[in-house]
Amino acid sequence: MTGPRTPANLTMPEKPSLDGIEDRWARFWDEQGSYTFDRSSTRDQVFSIDTPPPTVSGSLHVGHVFSYTHTDCMARYKRMRGFEVFYPMGWDDNGLPTERRVQNFYGVRCDPSLAYIPDFQPPAEPDAKRQVPISRRNFIELCEQLTLEDEVVFEQLWRRLGLSIDWSQTYQTIGHNSQRVSQLAFLRNLKRGEAYQAEAPTLWDVTFRTAVAQAELEDRERPGAYHRIGFPTTADTDTKVFIETTRPELLAACVALVAHPDDARYQPLFGTTVTTPLFGVDVPVMAHALADPEKGSGIAMVCTFGDLTDVIWWRELQLQTRPIIGWDGRIIADIPDWVTEDSAKAHYTAIAGATSHTAKERVVAMLREGEHLIGEPREITHPVKFFEKGDKPLEIVTTRQWYITNGGRDAELRDALVARGSELQWHPAHMKVRYENWVEGLNGDWLISRQRFFGVPIPLWYRLDDEGNPIYSEVLIPEESLLPLDPSTDAPAGFTNDQRDQPGGFIGDPDVMDTWATSSLTPQIAGGWERDPDLWDRVAPMDVRPQAHEIIRTWLFSTVVRSHLEDDRLPFKHAAISGWILDPDRKKMSKSKGNVVTPMGLLDEYSADAVRYWAASGRPGTDTAFDVGQMKIGRRLAIKILNASKFVLGFDAGFNDSAITADLDRALLAQLAGVVQQATAAFEDFNYARALEITEAFFWNFTDDYVELVKERAYGGQGEAQAASAKATLAITLEAVLKLFAPFLPFVTEEVWSWWQDGSIHRSPWPDAHRISSLSQGADPALIGEIANALSQVRKAKSEAKVSMRAVVESATIAATDSQVARLQGAMADFKAAGSIAELSFSSGERIEVSVVLAPISV
RNA sequence: GGGCGAUUAGCUCAGUUGGUUAGAGCGCCGCCCUUACAAGGCGGAUGUCGGGGGUUCGAGUCCCUCAUCGCCCA
């Protein structure tokens with residue numbers, strides 16, 4: 001470190017330009033290891049970031065650029081504050097999005113029953129309609145191949161954008177370490193009794209044939225119709241009870257009718273039975289508070305299972321289980337044992353094997369024929385539960401699944417997790433409510449098993465009895481040291497692979513974990529939990545989790561759950577929630593709308609700093625319109641920084657503190673100290689947008705007014721001492737401004753830094769408001785605004801007279817209050833020079849008003 | 001149905017705990033080749049702060065209410 005260079009040693013170009021600076025400085029940072037995490041730092045010296053791993057199989061869009069820039073601005077600020085920033089990058093390549101992309105990209109599908117084909121080549125011309133079935137191992141190999149390509153594209157974008165990531169700290173959510181951490185954490189949950197398996201009604205997507213968790217649900221409004229159906233009472237078949245249902249196809253699965261306990265219409269029926277039409281099954285009429293007297297006829301048909309309320313009734317009223325829908329979404333082919341009468345069997349046969357859609361049509365036709373259907377179906381629109389990535393309504397089927405406790409069935413745990421949410425510092429604060437709404441509304445534990453292929457396997461096996469049936473209560477658990485493992489190829493301790501699927505042997509659990517079961521462990525995966533305890537102690541718990549608001553219920557909450565269960569603490573101290581990018585019509589940008597803009601094109605057109613400028617102007621948690629106008633402004637700002645810096649550095653500008661004697665210079669430094677203090681406070685509150693705004697406003701005033709005022713003096717027009725004061729102030733201010741801009745505009749600030757100082761600006765210390773303030777010697781910053789005001793009035797007079805700004809003012813009089821005059825006196829030489837004013841006088845007035853007499857224009 | 005947020009200039013948005021005449025940029029209009037910057041600079045015009053009511057000496061800011069939009073949860 002040799003300190004600032006003198007003009008003779010400056011490496012300043014003749015004509016500063018943004019061209020080429022991105023490649024140059026990206027390479028420099030890489031070579032210097034500017035962003036490498038120094039792992040000798042202790043926890044209190046570290047600022048650790050739980051970076052969101054982007055879904056690499058998704059498309060790149062400006063939304064990525066937006067939120068990742070926010071995090072980078074914080075990271076750069078903290079680094080300049082002297083923290084060692086732990087800023088890893090993960091790639092979310094795990095799970096269903098990758099599976100779907102691989103299917104479409106290569107034209108294949110996974111069939112786990114097939115054998116592995118070494119050197120498999122996917123079809124040269126993929127045909128989505130004729131996907132080639134391949135083994136699970138082949139399928140996973142293609143997943144890994146494709147995600148690797150995707151990750152390269154993302155990394156290029158991040159580097160181009162100037163994210164100050166430590167590229168030696170990367171992970172993949174499907175990588176070896178992520179699998180190990182996921183399996184290890186799961187086994188710990190299992191050991192502590194927080195993970196359990198249960199045979200239970202589960203929301204089920206018939207397209208993907210997998211269970212779906214509460215967090216992955218969404219309601220969609222769908223057309224439906226109420227069918228009014230008469231049920232004869234068992235005691236008197238001429239008396240009928242009328243129900244209204246949107247799902248008549250489930251009539252064969254009916255287990256009860258339920259009405260509200262206070263509903264006088266049905267009270268006489270409670271405890272009696274009625275008979276299902278077509279299928280002749282006697283079912284009880286029961287009372288339950290969840291039955292809504294206002295809905296339909298006020299009495300509901302309970303089935304196995306039409307919706308989640310059916311599940312509650314089934315559980316709380318201890319009803320029969322009569323499933324008729326299979327995992328493929330079709331009516332089960334075999335006639336169930338509760339359907340006994342010949343006519344009933346015939347009715348069932350008519351729907352056996354049909355999709356629920358077809359079954360509905362057929363049941364309605366049979367009801368109509370038997371005159372059980374009263375009137376015509378009444379069409380309605382109602383919310384139906386869907387898997388967020390699916391396009392068929394979810395069914396509810398009973399399956400064996402693995403769960404992790406999350407407070408959904410345990411008030412004590414729920415309260416503890418709500419308390420964790422309050423302990424967490426939210427930015428912006430109002431986002432906490434979304435967390436609380438979610439936790440308080442949970443109605444079951446976290447279902448983590450998925451019947452998919454590309455994911456982290458559940459690391460368990462089960463004993464098979466002498467007939468080859470699995471004994472699920474006899475779970476075979478591996479040693480932690482053997483992780484990660486795949487139970488479909490690895491054998492449990494005490495067994496060999498030839499006992500697989502054999503009576504008396506074992507079977508591997510066929511399922512994989514929910515992607516959130518892995519993503520919920522990003523702090524552990526990135527931070528070296530149970531792999532590198534030294535690193536883990538230096539970075540955990542993380543300082544900040546940056547993320548978007550729509551995944552508070554999934555990613556944020558599940559991470560809190562894992563950390564709470566494993567370490568009894570929060571996984572991170574702050575949650576920085578970013579908004580969305582909206583297109584100019586204020587619609588959320590999405591690929592399906594065709595309004596997605598590719599980020600690389602923007603970076604090429606406006607420069608990385610300019611795009612970052614736009615992104616950083618989006619306040620935390622606020623949705624922001626996509627606006628190339630802001631990028632143009634950012635570009636202009638970057639160019640202005642180059643030019644203003646070139647001008648300032650053209651003087652023999654040194655950090656000569658004692659030279660600062662002029663009132664105007666001290667006033668500027670007083671103002672600058674306030675700007676540094678405010679920008680710092682804004683950053684500490686994660687409000688990077690405000691820090692940028694404050695800095696930018698100061699900078700433009702600095703160049704427009706202060707620089708214009710001191711030009712003549714800095715050139716020596718008022719003597720050596722006066723020039724030295726101006727030059728020192730210019731240098732100190734430029735350095736501070738560059739540093740204040742550095743988190744936002746890393747390229748252009750580094751470029752200027754390189755002209756006159758060594759090392760990287762991004763490793764230089766953040767400006768010190770106290771030091772700058774002390775140089776101001778208690779000057780009143782009001783002078784800056786006042787003199788700018790006066791200068792503006794002189795400019796206005798020239799503008800109105802349509803003369804050049806260099807036109808000579810014969811005489812000017814400044815009216816002002818006494819205290820203003822006292823301040824302005826000190827800067828009058830500068831003022832006269834900047835305004836080309838020959839004679840200047842003062843008069844008293846309530847506010848600053850300048851009267852100007854222009855010199856006759858000489859021809 | 002419950003909750004959260006938003007509504008300020010033609011556009012995109014600031015406006016900290018209530019306090020002079022409500023700000024910025026873009027766009028628009030006018031001027032200026034000025035030796036850091038013409039891909040620039042300077043200046044100008046533009047507002048029922050969504051509507052209504054209230055608290056207060058004083059409300060864009062606090063309270064109530066309505067409307068519209070967005071999101072989260074049922």
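Scope of the values below: all heavy atoms of this structure, side chains included, with no hydrogens, waters or symmetry mates. Chain letters run A, B, ... following the sequence lines, proteins first and then strands; every chain starts at 1.
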For B/C28, the nucleotide meeting Watson-Crick or G-U wobble distances (both under 3.5 Å) is B/G44
Inset, instruction - Scan A/E712 against the nucleic acid and name what it touches under 4.0 Å (heavy atoms): base, sugar-phosphate only, or nothing. - result: nothing
Which pairs, protein N/O on one side and nucleotides 16-23 of chain B N/O on the other, fall under 3.5 Å?
| residue | atom | partner | partner atom | Å |
| --- | --- | --- | --- | --- |
| B/U21 | O4 | A/R847 | NE | 2.7 |

Out of B/C72, B/G41, B/A39, minimum distance to the side chain of A/R553 belongs to B/C72
Among the nucleotides B/A36, B/C4, B/G70, whichever has the atom closest to the side chain of A/H430 is B/C4
Next on the checklist: Using salt bridge (Lys or Arg N to Asp or Glu O under 4.0 Å), reason through A/R247 and A/E395 one step at a time and then give a plain yes or no.
Outcome noted: CA-CA 12 Å; A/R247 301 204 61 185; A/E395 295 292 350; 3.1 Å; yes
- May I ask you to decide whether A/E216 forms a salt bridge with A/K385, counting only side-chain N to carboxylate O separations under 4.0 Å? no
- Query: According to a strict under-4.0 Å criterion, is A/Y706 in side-chain N/O contact with OP1 or OP2 of B/A36?
  - Reply: no
Quiz item: Would you call A/D665-A/K727 a salt bridge at under 4.0 Å N-O?
Solution: no
Pairing partner of B/U61, by Watson-Crick or G-U wobble and under 3.5 Å for both distances, is none
For B/C69, the nucleotide meeting Watson-Crick or G-U wobble distances (both under 3.5 Å) is B/G5
Among the nucleotides B/C37, B/C4, B/C71, whichever has the atom closest to the side chain of A/H549 is B/C71
* Looking for any heavy atom pair under 4.0 Å, which part of the strands does A/Y613 touch: base, sugar-phosphate only, or nothing? -> nothing
pair_partner(B/A39), Watson-Crick or wobble, both distances < 3.5 Å, evaluates to none
Ranking B/C26, B/G3, B/A36 by distance to the side chain of A/R636, first place goes to B/C26
**Message:** Can you tell whether the side chains of A/E436 and A/R434 come within less than 4.0 Å, N to carboxylate O?
**Reply:** no
(message) Please confirm whether the ring centroid of A/W426 lies under 6.0 Å from the ring centroid of A/H574.
(response) no
Phosphate-side-chain proximity, A/K802 and B/G43, N/O vs OP1/OP2 below 4.0 Å: no
Basic-acidic side-chain contact under 4.0 Å: A/R414, A/E440: no
Verify the contact: side-chain N or O of A/K640 to OP1 or OP2 of B/G41, cut-off strictly under 4.0 Å; return yes or no. yes
Mind checking whether A/W756 and A/W753 have parallel, tilted or perpendicular rings, split at 30° and 60°?
perpendicular
Against the side chain of A/F647, the closest entry in B/A36, B/G41, B/G43 is B/A36
A/R619 CZ to B/U7 P, in whole Å, measures 10 Å
Side-chain contact check for A/T703: nearest option of B/C42, B/C72, B/A36 is B/A36
Distance check: side-chain N/O of A/S792 vs OP1/OP2 of B/G43, anything under 4.0 Å? yes
When rounded to whole Å, the CE to P distance for the pair A/M631 and B/C13 reads 13 Å
Rounded to whole Å, the NZ-P distance (A/K796 to B/G30) equals 18 Å
With a 4.5 Å cut-off on side-chain heavy atoms, are A/P428 and A/F686 touching? no
Among the nucleotides B/A36, B/G25, B/C4, whichever has the atom closest to the side chain of A/I633 is B/G25
